[in-house]
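What follows is one structure encoded as structure tokens, with my remarks underneath.
Numbered from 1 within each chain, the chains take letters A, B, ... in sequence-line order.
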Amino acid sequence: MSFTLATWNINSVRLREVLVARLLTDEQPDILCLQECKSPVEKIPLETFRALGYTHIVARGQKGYNGVAILSKLPITDAGERDFASLGHARHVAARLENGVTIHNCYVPAGGDIPDREVNLKFGQKLDYLTEMRDLFHGEKPEKSILVGDLNIAPREDDVWSHKQLLKIVSHTPIEVDHLNAVIEAGDWVDVTRADIPSGQLYSWWSYRAADWDAADKGRRLDHIWASRDIANAAHGSRILRAVRGWDGPSDHAPVFASFDL
DNA sequence: ATGGTTGTTCGACAA
């Protein structure tokens, strides 16, 4: 069995319904995981996605913030959600394919502006969120599992436009990178994108605030696809669709793709 | 060092 999977922080699924439909039509991933839907589940434009063949949908939502959804052409069942750090936010949902593969769709808290939990509650919540993810995967080692999403951390030097200039910027601080790597180690996860594309600058997010995001190219790789060790060698064909960041009325994130031959 | 943009929803907040 083979399938292609994508992850995309959509920054309002209702405002960008047409963009989601365009990606589904143009690229035909079997599964699309969305974050920051910013919508209750009942207000997600599911009929549009169903009409394009994405008839299997697992989602969690809330009004105005967060929200995660998995749209699939392949049959999936709801495999529950986790409320890491007990924030009461819709930031995680899991689905299971008929071949037993579990997909975790995650939206890790951004963490605010100041990288110090003593003065910034949101930064502490981000670290706690990652610690509880680590503890889950330490307790039950993932098998036949894929974890995707906006993890809001760019771990490697070549995952950001300037390692030196971002060392004290939330998303690339050493303590965040340590926490993210602890999740990877606890679950023995493989970073599929970097297994496929081992060197060179790689970004999935560019700020709205840049006058010319494409020319400035001050990006960060915040969006990830991981696989559990047992299926990691089935992954291939990773790519980040940078051109999507240039569509009219874009999300500030580009979608990340990977394929699996299982 | 600062300010820069966008979305939700009409005033802040979050990113």
Side-chain angles (χ1 to χ4, degrees), chain A residues 7-23 33-45 48 59-69 83-92 105-117 119-130 148-155 159-162 164-173 175-177 179-180 203-224 242 244-256:
Chain A
T7 179
W8 192 14
N9 178 318
I10 192 61
N11 188 20
S12 176
V13 71
R14 282 182 280 170
L15 192 68
R16 290 187 234 286
E17 173 183 349
V18 170
L19 271 63
V20 174
R22 181 175 169 188
L23 186 81
C33 297
L34 297 170
Q35 305 86 37
E36 274 208 275
C37 295
K38 294 187 172 178
S39 174
V41 173
E42 61 269 22
K43 290 191 174 180
I44 298 174
T48 296
R60 296 293 185 274
Q62 62 185 94
K63 189 181 173 185
Y65 301 98
N66 311 311
V68 285
D83 182 19
F84 298 116
S86 303
L87 301 174
H89 296 173
R91 294 181 176 274
H92 170 268
N105 183 17
C106 303
Y107 176 46
V108 172
D113 289 332
I114 304 167
D116 178 353
R117 69 182 308 155
V119 296
N120 171 16
L121 194 67
K122 290 183 188 307
F123 193 72
Q125 290 173 344
K126 182 178 194 175
L127 298 180
D128 292 345
Y129 193 97
L130 292 159
V148 308
D150 177 4
L151 306 185
N152 265 312
I153 296 172
D159 289 337
V160 294
W161 64 276
S162 168
K164 191 180 172 191
Q165 287 182 255
L166 288 174
L167 273 171
K168 293 180 179 177
I169 302 298
V170 172
S171 73
H172 192 61
T173 64
I175 190 169
E176 288 169 88
V177 173
H179 277 65
L180 190 72
Y203 314 139
S204 66
W205 173 90
W206 295 260
S207 172
Y208 284 128
R209 298 176 191 177
D212 185 339
W213 71 273
D214 196 23
D217 201 21
K218 293 184 173 181
R220 307 176 200 170
R221 187 172 70 103
L222 303 180
D223 303 274
H224 300 265
R242 180 186 177 112
V244 172
R245 178 63 177 80
W247 288 358
D248 282 344
S251 168
D252 45 356
H253 295 253
V256 182

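As rounded to the nearest Å, B:dG7 and B:dG3 have P atoms that lie 22 Å from one another. Using atom P as the reference point in both B:dC10 and B:dA14, the two lie 15 Å apart (nearest Å). B:dT9 and B:dC13 are spaced 16 Å apart, taking the P atom of each and rounding to whole Å. For the C1' atom pair drawn from B:dG11 and B:dT6, the interatomic distance equals 16 Å after rounding to whole Å. Separating the C1' atom of B:dA15 from that of B:dG4 is a span of 14 Å, rounded to the nearest Å.
In this entry the distance linking CD1 of A:I169 with C1' of B:dA15 reads 14 Å, nearest Å. The distance between atom CZ of A:R220 and atom P of B:dA15, rounded to the nearest whole Å, is 14 Å. In this structure, A:E36 atom CD and B:dT8 atom P are separated by 10 Å, rounded to whole Å. For the pair A:D113 CG and B:dT5 C1', the computed distance is 14 Å after rounding to whole Å. When rounded to the nearest whole Å, the span between CG of A:L222 and C1' of B:dA15 equals 11 Å. Rounded to whole Å, atom C1' of B:dA15 lies 19 Å from atom NZ of A:K218. For the pair A:N11 CG and B:dG7 P, the computed distance is 6 Å after rounding to whole Å. Rounding to whole angstrom units, CG of residue A:N120 and C1' of B:dA15 are separated by 13 Å.
Judged purely by distance below 3.5 Å, without hydrogens or angles, the side chains of A:E176 and A:S171 never pair a donor atom with an acceptor atom. Side-chain contact annotation: A:Y129 with A:N152, donor-acceptor N/O pair under 3.5 Å absent.
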Go through the steps for A:N120 and A:D113 under the test side-chain contact (heavy atoms from CB on, under 4.5 Å), then give the verdict. CA-CA 8 Å; A:N120 171 16; A:D113 289 332; 5.8 Å; no

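Taking the centre and axis of the six-membered ring of A:F123, the NZ or CZ atom of A:R117 falls outside the cone set by 45° and 6.0 Å.
Side chain of A:E36 to main chain of A:N9: no donor-acceptor pair is present (N/O by atom type, distance under 3.5 Å, no hydrogens or angles).
Residue A:R91 is classed as a sugar-phosphate contact, given heavy-atom separations below 4.0 Å to backbone atoms only.
A salt bridge links A:R242 with A:D214: the distance from a Lys NZ or Arg NE/NH1/NH2 to an Asp or Glu carboxylate oxygen falls below 4.0 Å.
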Produce the list of close N/O pairs, under 3.5 Å, pairing protein atoms with atoms of nucleotides 9-13 of chain B; give distances to one decimal.
none

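In this structure, the side chains of A:V170 and A:K126 come closer than 4.5 Å at one or more pairs of heavy atoms.
Of the residues near DNA chain B, A:P109 and A:R16, the one whose nearest nucleotide (by heavy atom distance) lies more toward the 5' end is A:R16. For the pair A:G111 and A:G249, nearest-nucleotide mapping onto DNA chain B gives the more 5' position to A:G249.
Between A:Y107 and A:N66, the shortest heavy-atom distance links the atoms CE2-OD1, 3.3 Å.
Under the rule for a salt bridge (Lys or Arg N to Asp or Glu O under 4.0 Å), A:D83 has no partner lying at least two apart in sequence or in another chain.
With A:W213 as the fixed residue, the ring pair (Phe, Tyr, Trp, His ring centres under 6.0 Å) test singles out one of A:Y203, A:W206, A:Y208: A:W206.
A heavy-atom distance below 4.0 Å to DNA chain B is reached by these residues of residues 205-212 of chain A, ordered by number: A:Y208, A:R209.
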